[in-house]
Amino acid sequence: MKKVLFVDDSSIMRLFARMSTRSIHGISLTEAQDGHDAIEKLEKEPFDLIITDINMPRMDGLQLIRHVRMMGLKFPIIILTTCGEEKDVETGIFLGADDYVTKPITSQKLTMLISNYTNVPALPVST
Ligand SMILES: [Mg+2]
């Protein structure tokens, strides 16, 4: 079982991620609502992948990325960003993020991304 931490202050985005990953058996998705919440979860259990928003209250995605790398954690981090935040993406990559994707994102694209970064195959989409 590979563990993915999905960090976004939008409850709709978190629900979207939860629904999208249903087609990937072998993935366990944990939600966090900001960077601070994410770090609390990272201190309790190991994860294999983080997907994080940038703009969030309390602790944003860039601070989260810096903190995760300072903790010595080496798993992949993907930034899920809104159009127009290119500068933030550059900073995020510099701080240790591995990849980025732009919102809006389709369910299939999110599924493929998680599948690729965890090496867990996604099942064909069914309704
Ligand atoms: Mg946000």
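All heavy atoms count here, side chains included; hydrogens, waters and symmetry mates do not. Numbering of ligands and ligand atoms starts at 1, following listing order.
Metal site remark for the Mg ion (ligand 1): T82 contributes no N, O or S atom at a distance under 2.8 Å. Not one N/O/S atom of D8, from backbone or side chain, sits under 2.8 Å from the Mg ion (ligand 1).
Note: angle at the Mg ion (ligand 1), from OD1 of D9 to OD2 of D53, is 90° (rounded to 10 degrees).
Atom CZ of F16 is surrounded by more than 12 heavy atoms from other residues, nucleotides or ligands within 6.0 Å. The number of heavy atoms from other shown groups lying within 6.0 Å of CE (M19) does not exceed 12.
Ion pairing between R66 and D60 fails under the 4.0 Å rule for side-chain N and carboxylate O. Of the charged side-chain nitrogens involved, at least one lies within less than 4.0 Å of a carboxylate oxygen, so that R69 and D98 count as a salt-bridged pair.
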